[in-house]
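The structure under discussion appears below in the form of structure tokens.
Side chains are part of it too, since the values below use all heavy atoms of this structure and drop only hydrogens, waters and symmetry mates.
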Amino acid sequence: MKALITGAAGFIGFHTAKRLAAEGWSVAGCDDLNDYYDPALKRARLGELGAAIDFRELDIADAKALADFVKMQKPDVVIHLAAQAGVRYSMDHPFAYARSNLLGHLSVLEACRHADGLSHLIYASSSSVYGGNAKVPFSEDDNVDAPVSLYAATKKSDELMSATYAHLYGIKQAGLRFFTVYGPWGRPDMAYWTFTEKMLKGEAIPVYNNGDMRRDFTYIDDVVTCIARMAKTPPAFGASERPHRVYNIGNHTPVGLMDFIAAIERATGVTATKKMAPMQPGDVKETFADVSRLASEYGFTPSTSIDQGLAKFVAWYRGFCSL
């Protein structure tokens, strides 16, 4: 079996490529290695993968380059994880999101539309599509027509484009609404990384909304276990059903921001100096995933606690930053 992964040098893409290669898959991947965060980290991930991946540097918004790559690789499944991430960054760099998340997603759909022998497409959506929904836990059946950031709006748009291509061309698809994925080799713009970095340097950490926030933190190993299962087996669709389905992929156990900071304190052995701050534009107070659909269809049972996951991240961080 062969998988093609977009965003293969990214956090989730790297771990997915590593897991599938370990399970005997042939893995191809692409990434534009942009400078949203230090490309050296992305290149280090590729170095860790080594010969396990047939890698091509390309921008998924270049529809022809992507289509040629997909045609050459002839994958059984495409796992589309490339995107311009970050809620706050979208406030000042909106066109980066239009290019990568909208044009890029359309390029992936077109490449899949014309691919021979493709079983299905798995693509990254986001828990951000739920916006400021007050009802928890968030269900895939909830209304998601009120995004509070451009990033969220692009991810909702991706789901709509995918649903349309499923209807028009019969492309089987699974969209994954990721809930705050964290772990070793993660993203430096995420709170768990910046908090760890600042605490180890003796710097104060910003605590938004005065600490009154909760997040459904999901450990990377739990995420890639599920993606690997979905890569082997597409969702089962009825004869009259549009072959497109979205899934929440979270831990189903929200953690308060102050408890999250306390867990990092335990992992690092450092007491945080906290600087209270108001809620940031585009942010939400709480995320909480209803994962019953994923549990029912794929046996998804996240098993990593926040203390276990953060301890593994901090151990990796200490080793990586000492290199």
[X] and [Y]: side-chain donor and acceptor closer than 3.5 Å?
X      : Y      : answer
Thr218 : Asn251 : no
Ser149 : Arg88  : no
Glu297 : Tyr247 : yes

Q | Full working for side chain to side chain contact (heavy atoms under 4.5 Å, CB included) between Met199 and Glu265 | A | CA-CA 8 Å; Met199 287 164 61; Glu265 290 177 328; 3.6 Å; yes
**Q.** Ser162: which of Gln173, Arg245, His80 passes side-chain hydrogen bond (donor to acceptor under 3.5 Å, both in side chains)
**A.**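 That would be Gln173; it is the only one of Gln173, Arg245, His80 passing the side-chain hydrogen bond (donor to acceptor under 3.5 Å, both in side chains) with Ser162.
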Q) Considering residues, nucleotides and ligands other than Lys172, do more than 12 of their heavy atoms fall under 6.0 Å from its NZ? A)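 For Lys172, atom NZ is not crowded (no more than 12 foreign heavy atoms under 6.0 Å).
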Q | Residue Asp116 excluded, over 12 heavy atoms near CG under 6.0 Å | A |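 Result for CG/Asp116: open.
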Below 4.0 angstrom, N of the basic side chain to O of the carboxylate: do [X] and [Y] qualify?
X      : Y      : result
Glu48  : Lys18  : yes
Lys135 : Asp290 : no
Glu110 : Arg113 : yes
Arg215 : Glu286 : no

Taking side chain as C-beta onward, heavy atoms only, is [X] less than 4.5 Å from [Y]?
X      : Y      : value
Val181 : Ile12  : yes
Arg187 : Tyr36  : yes
Asn101 : Asp158 : yes
Met279 : Met213 : yes
Glu57  : Asp32  : no
Leu176 : Ile122 : yes
Leu46  : Asp31  : no
Glu159 : Arg177 : yes

Q | Polar side-chain atom of Lys2 near backbone of Gln73 as donor-acceptor pair, under 3.5 Å | A |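 Yes.
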To the nearest 0.5 Å, what is the distance between [atom1] on [X] and [atom2] on [Y]?
X      : Y      : atom1 : atom2 : result
Thr304 : Asp222 : OG1   : CG    : 3.5 Å
Leu102 : Met161 : CG    : CE    : 5.0 Å
Ile60  : Ser100 : CD1   : OG    : 4.5 Å
Cys30  : Asp59  : SG    : CG    : 9.5 Å
Trp25  : Ile53  : CH2   : CD1   : 13.5 Å
Asp38  : Leu33  : CG    : CG    : 11.0 Å

What do you reckon, are the aromatic ring centroids of [X] and [Y] less than 6.0 Å apart?
X      : Y      : result
Tyr97  : His93  : no
Trp193 : Tyr317 : yes
Tyr130 : Phe138 : yes

Q.
Show the nearest heavy-atom pair for residues Ser128 and Ala152, with the distance to one decimal.
A.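 The pair with the smallest heavy-atom distance is O-CB, 3.2 Å.
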Q. Do Asn143 and Asp145 pass the side-chain hydrogen bond (donor to acceptor under 3.5 Å, both in side chains) test, and can you show the C-alpha distance, the side-chain angles, and the key distance before you say yes or no?
A. CA-CA 6 Å; Asn143 184 288; Asp145 291 335; 3.2 Å; yes
State yes or no: do [X] and [Y] share one hydrophobic cluster built from I, L, V, M, F, W and Y residues joined by side-chain heavy-atom distances below 4.5 Å, directly or via other members?
X      : Y      : value
Val255 : Ile220 : yes
Met230 : Val291 : yes
Ile171 : Phe237 : no
Val77  : Val224 : yes

Q. How far apart are the C-alpha atoms of Ser139 and Arg293, what are their side-chain angles, what is the distance that settles it, and do they pass the side-chain hydrogen bond (donor to acceptor under 3.5 Å, both in side chains) test?
A. CA-CA 9 Å; Ser139 165; Arg293 178 178 295 178; 5.9 Å; no
Q: On the 0 to 90° scale, with breaks at 30° and 60°, tag the Tyr219-Tyr182 ring pair as parallel, tilted or perpendicular.
A: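 Tyr219 vs Tyr182 ring planes: perpendicular.
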Q: If the plane angle is over 60° it's perpendicular, under 30° parallel, otherwise tilted; pick one for Trp316 and Trp185.
A: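 Ring orientation of Trp316 relative to Trp185: tilted.
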